[in-house]
There are 2 protein chains.
Amino acid sequence: MGPNVDRRPPVMADVARLAGVSHQTVSRVLNDHPNVRAETRTRVMRAIDQLGYRRNLVARALVTKHSRTLGVVSFDTTLYGPASTVYGIEQAARDAGYFVSIVSLRTIDRAGVNDAIGYLAEQGVDGIVVVAPQRSAARALDDLPAGMPAVAVEGWHQGDVSVVSVDQVEGARLATSHLLELGHETVWHVSGPADWLEAEGRIEGWRAVLTAAGRPVPATLTGDWSPRSGYQAGKRLAAMAGDVTAVFVANDQMALGLLRAFTEEGVKVPEQISIVGFDDIPESEFFSPPLTTIRQDFGAVGRRSIDVLLRQIESGEPLPHERLVVPPQFVLRGSTAAR
Amino acid sequence: MGPNVDRRPPVMADVARLAGVSHQTVSRVLNDHPNVRAETRTRVMRAIDQLGYRRNLVARALVTKHSRTLGVVSFDTTLYGPASTVYGIEQAARDAGYFVSIVSLRTIDRAGVNDAIGYLAEQGVDGIVVVAPQRSAARALDDLPAGMPAVAVEGWHQGDVSVVSVDQVEGARLATSHLLELGHETVWHVSGPADWLEAEGRIEGWRAVLTAAGRPVPATLTGDWSPRSGYQAGKRLAAMAGDVTAVFVANDQMALGLLRAFTEEGVKVPEQISIVGFDDIPESEFFSPPLTTIRQDFGAVGRRSIDVLLRQIESGEPLPHERLVVPPQFVLRGSTAAR
DNA sequence: GGGAAGACTGTGAGCGTTAACACGACCTCT
DNA sequence: AGAGGTCGTGTTAACGCTCACAGTCTTCCC
C-alpha cells in the first residue's frame with residue numbers, strides 16, 4: 001500500500017502539486033490561455049497524464065454558468081424522420097463542442113413537453129431544441145423559462161421562438177403538380193393524423209395546387225403514418241379503382257401500405273394508379289415499384305437548428321426570431337406514369 | 001425599477017429569505033427530508049413557486065458526486081435497430097429518474113468510442129451504455145475509466161463489462177431451421193459486414209444448423225445492411241436461380257433489396273426462392289410478399305441494459321459481470337414456401 | 001541604470017448546493 | 001424531576017473549478 005491509493009479521482013490541485021505549480025496554472029493550461037511558459041505547459045501536461053486526470057465539467061459549469069450541453073425534446077425517435085433529425089442535431093452540436101441531452105416523449109402533449117423542458121432547464125442546459133411536429137406540442141413553447149434560448153424544429157411559425165423546418169407545403173405542391181402534369185384529372189390524398197403540422201402543410205399544398213388548376217378536390221383519407229394505416233387506405237382506394245388514378249400519400253411508410261393493398265387487389269402501379277410518397281426513406285428506392293417521393297433533408301434541418309440556437313446562446317441576447325425553411329426535393333422513380 | 005429586478009435566477013438563499021427559514025431547510029423540503037414541520041414545508045413551497053425557483057442540479061451534482069445522468073454511445077442512430085435500442089434506453093432511464101446524454105458516432109472505431117467515453121466521463125455521467133455492435137468498438141470497453149459503471153449492448157461477451165443482447169445465433173438458427181423444415185436442400189446467406197458481431201452471430205447460427213443437418217454450406221454473400229447491397233446480392237443470386245431455393249438474409253432492409261432484384265429478374269418469391277429476414281422492421285409486414293423474419297425486441301434490450309447499469313451504480317460496488325440474452329422471435333409471413 | 005510594459009504565476013474568493021454537526025424545544029421514561 | 005430521546009432548525013464547511021486581482025520576473029528603451 002503506497003501513500004497514494006485513495007480511489008478518489010485526481011483533481012486540479014493534485015496535478016498542480018505534482019507539477020510544482022498552482023492550480024490556477026493548471027487551469028490555464030487546460031483552457032489554452034496564452035500566457036503560460038512552454039516548459040511549464042509540458043510539465044503540467046506530463047503531470048496530467050501521469051495521474052490520468054480529467055477535468056470535472058460539473059464544477060466548471062457551476063462557475064461559468066455554461067454547461068455546453070443542449071437539451072433536445074423529441075417524440076418517438078424510432079420513426080425515421082425524428083431519428084434523422086435528432087441525429088443531425090447531435091452531430092452538429094458535437095461539432096460545435098456541445099453535448100446533447102435527449103428526452104424522448106412517449107405521448108406528445110403540452111404538459112409532457114413542459115415537463116421535459118423543465119427537467120432540462122434544471123439540469124442546466126444552455127439551450128433547447130424542441131422537435132414539435134404537433135400543434136399541441138408546439139404550443140408548449142409559449143411557456144419556456146424566461147431567457148432560455150430555444151428553437152423549434154418542424155414546428156409552428158408563430159410566437160416567441162425561431163423555427164426551422166422543411167417546406168411541407170412546397171413538397172406537397174411538387175408532388176401534386178407532378179401528378180397533374182402526367183395528365184391525371186385529379187389527385188387523391190392520404191394524409192397524416194390531424195393536429196400534426198406536417199400533415200396540415202401537406203394537405204394545404206396539395207389542395208392549393210388542385211384548386212389553382214380548377215380540379216375537383218377529393219375528400220382526404222387519414223392515416224397515422226404507419227404502413228398499416230396506409231394499407232387500410234389502400235384497400236378503400238382500390239375499391240374505387242376506376243375513379244382514382246393518382247394518389248399523393250403523406251409519407252413513404254403509408255405509401256408502402258398502399259402498394260401492398262394494391263398488389264393484393266390486383267391494382268397495377270403505376271399503370272392503373274400513380275403514387276407519390278413523402279420523406280424518401282432508405283427503403284423507398286427498393287419498393288416495387290420504386291417509389292417516386294419527396295425527399296426531406298433531415299440532416300440539414302438538424303444543422304440549421306443548431307446554428308440558430310448557438311447564435312442565440314453565444315450572443316447572450318434574445319435575438320429576433322427567424323423562420324428557416326429547408327427546401328424539399330422531388331425524387332422521380334417508378335411509381336408514377338402518364339394517364 | 002423595483003429592488004428585485006436582477007435577471008439572475010433565484011437561488012435557494014432567496015427562497016429561504018422569503019420563507020423566513022435557512023437555506024438548509026429549503027434543501028430539506030426539496031429532498032423530502034422527513035423532519036420538516038408541515039407548516040414550514042408549505043411556507044417554503046409557496047416561496048418556491050412565488051419566485052419561480054428551480055434547483056440547480058449542477059451545483060447539486062458537484063457535492064453529491066451524482067449527476068443522475070447516463071451516457072449513451074451509439075453508432076448511426078438513423079438505423080432502425082440502434083434508434084429503437086436508444087429509444088428503449090432513454091425511456092427506461094427516465095422512468096428511473098435519470099437523464100440521458102447521447103453521443104452518436106459517425107464512424108465506429110476504438111479511438112472514436114474512447115473519445116466519446118472520455119467526454120462523457122468529464123461531463124460527470126454516473127454510468128455509460130455503449131451500443132457496440134462492432135468488434136473494434138467493443139474492444140474500446142477495455143479501457144474504461146476505472147470505476148465507471150458500464151454496460152455493453154449488442155456487444156462482445158468478454159472481459160470486464162456486462163453485456164445485454166439479442167441472441168443472434170439463436171435467431172439465425174430459427175430462420176435456417178424453418179427453411180430446412182420446408183424441404184429446402186440448403187440455405188444461402190447474405191450476411192452483414194465483417195467485424196459486426198451481429199453479422200458474425202447470424203453466420204454462426206446459420207452454419208451450425210446446416211452442418212448439423214449434414215447439408216452443404218454455400219459461400220456467403222456479404223452486404224452492408226443497406227437495401228442497395230441486398231439488391232446487388234439479389235442480382236447475383238437471381239443468376240443462380242436454379243441452384244438457389246432459400247436465402248436467409250441478415251436484415252430486413254437487405255431482404256427488401258433482394259425482393260426488388262428478384263422482381264426485376266422475374267424470380268418469384270416464395271414460389272422459386274424463399275426468403276427470411278432479420279429485425280422485423282415496421283415495413284416488413286407490407287413488403288411484397290410480406291416478409292418472414294426474426295423479430296428483435298429492441299425495447300427489451302434497452303430496458304434490461306438500464307437495469308443492469310443502475311444496479312451497478314446504485315450498489316456502488318463493481319458487480320460481477322452478467323451476460324443477459326433477450327430471445328428472438330420467429331415471425332411467419334409470406335416470403336417462404338415449401339420446396 | 002531606472003522605470004514602464006509586458007510575460008508569467010500565485011492567492012483568495014465564490015459559484016449553489018448538500019453533509020455534518022450543533023442546538024434548543026419538547027417529549028418520555030424511570 | 002432529571003436523564004435521554006426525537007424532532008425541527010440553523011451554522012459552517014466542503015465539492016472542484018474559474019475569475020479577479022496581485023504579485024514577481026523579464027525585457028527593452030531612453
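So you know, we letter chains A, B, ... as the sequences are listed, proteins then strands, and number each from 1. Computed from heavy atoms alone, side chains included, the values below leave out hydrogens, waters and symmetry copies. Everything quoted here is computed from the prediction, not taken from an experiment.
Within the nucleic acid shown, Asn35(B) comes within 4.0 Å of at least one base atom, counting heavy atoms only. Using a 4.0 Å heavy-atom distance criterion, Val58(A) is classed as making no nucleic acid contact. Residue Arg55(A) is classed as a sugar-phosphate contact, given heavy-atom separations below 4.0 Å to backbone atoms only.
Between Asp115(A) and Arg110(A) there is no salt bridge, since none of the side-chain N atoms of the basic residue sits less than 4.0 Å from a carboxylate O of the acidic one. Of the charged side-chain nitrogens involved, none lies within less than 4.0 Å of a carboxylate oxygen, so that Glu90(B) and Arg106(A) do not count as a salt-bridged pair. Under 4.0 Å is where a charged nitrogen must lie from a carboxylate oxygen, and between Arg17(A) and Asp14(A) at least one such pair does. Under a 4.0 Å N-O distance rule, the pair Arg304(B)/Glu322(B) does not qualify as a salt bridge.
Comparing dT9(C), dG16(D), dG10(C) against the side chain of Val21(A) picks out dG10(C) as the nearest. When distances run from any side-chain atom of Gln24(B) to the nucleotides dT11(D), dT9(D), dC15(C), the shortest one goes to dT11(D). For Arg37(A), the listed nucleotide lying nearest its side chain is dC8(C); candidates were dG10(C), dC8(C), dC17(D). For His23(B), counting side-chain heavy atoms from C-beta on, the closest listed nucleotide (dT18(D), dT18(C), dG10(D)) is dT18(C). Closest to the side chain of Arg60(A), from the set dG16(C), dG10(D), dC17(D), is dC17(D). When each of dT18(D), dA19(C), dT9(C) is scored by its nearest atom to the side-chain atoms of Thr64(B), the top-ranked nucleotide is dA19(C). When each of dT9(C), dT17(C), dT18(D) is scored by its nearest atom to the side-chain atoms of Tyr53(B), the top-ranked nucleotide is dT17(C). Distances were taken from every side-chain heavy atom of Thr40(B) (C-beta onward) to each of dT17(C), dT9(D), dG10(C); the shortest belongs to dT9(D). Listed nucleotides dC15(C), dG8(D), dT17(C) differ in distance to Val63(B); the shortest reach to its side chain belongs to dT17(C).
For a distance-only test at 3.5 Å, the side chain of Arg28(A) qualifies as a donor-acceptor partner of the base of dG10(C).
Distance, His66(A) NE2 to dC17(D) P: 18 Å, rounded to whole Å. Atom P of nucleotide dT17(C) and atom CD of Glu122(A) are separated by 10 Å, given to the nearest angstrom. Summarising the geometry, the separation between CD on Glu39(A) and P on dC25(D) is reported as 17 Å, rounded to the nearest angstrom. Asp14(B) places its CG atom 13 Å from the C1' atom of dT17(C), with the value rounded to the nearest Å. Atom CE in Met12(A) sits roughly 11 Å away from atom P in dC19(D) (whole-Å rounding). Atom CG of Leu57(B) and atom C1' of dC15(C) are 15 Å apart (whole Å). When the P atom of dG16(C) is taken as reference, atom CG of Leu30(B) falls 15 Å away, rounded to whole Å.
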Extract all donor-acceptor atom pairs below 3.5 Å that involve side chains of residues 77-89 of chain B and protein atoms in other chains or at least two apart in sequence.
{"residue": "Thr77(B)", "atom": "OG1", "partner": "Ser104(B)", "partner atom": "OG", "Å": "3.1"}
{"residue": "Ser84(B)", "atom": "OG", "partner": "Tyr80(B)", "partner atom": "O", "Å": "2.7"}
{"residue": "Thr85(B)", "atom": "OG1", "partner": "Gly81(B)", "partner atom": "O", "Å": "2.9"}

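Comparing Leu62(B) and Arg41(B), the nucleotide of DNA chain D nearest to each residue sits closer to the 5' end for Arg41(B). With DNA chain D read from its 5' end, the first of the two nearest nucleotides for Ala59(B) and His33(B) is the one closest to His33(B).
Taking a 6.0 Å sphere around CE of Met45(A), one finds it holds 12 or fewer heavy atoms contributed by other residues, nucleotides or ligands.
Between Ser27(B) and dT18(C) there is a side-chain N or O to OP1 or OP2 distance below 4.0 Å. For the OP1/OP2 pair of dG10(D) and a distance below 4.0 Å, the side-chain nitrogens and oxygens of Thr25(B) include at least one atom meeting the criterion. Residue Lys65(A) places at least one side-chain N or O under 4.0 Å from the OP1 or OP2 atom of dG16(C).
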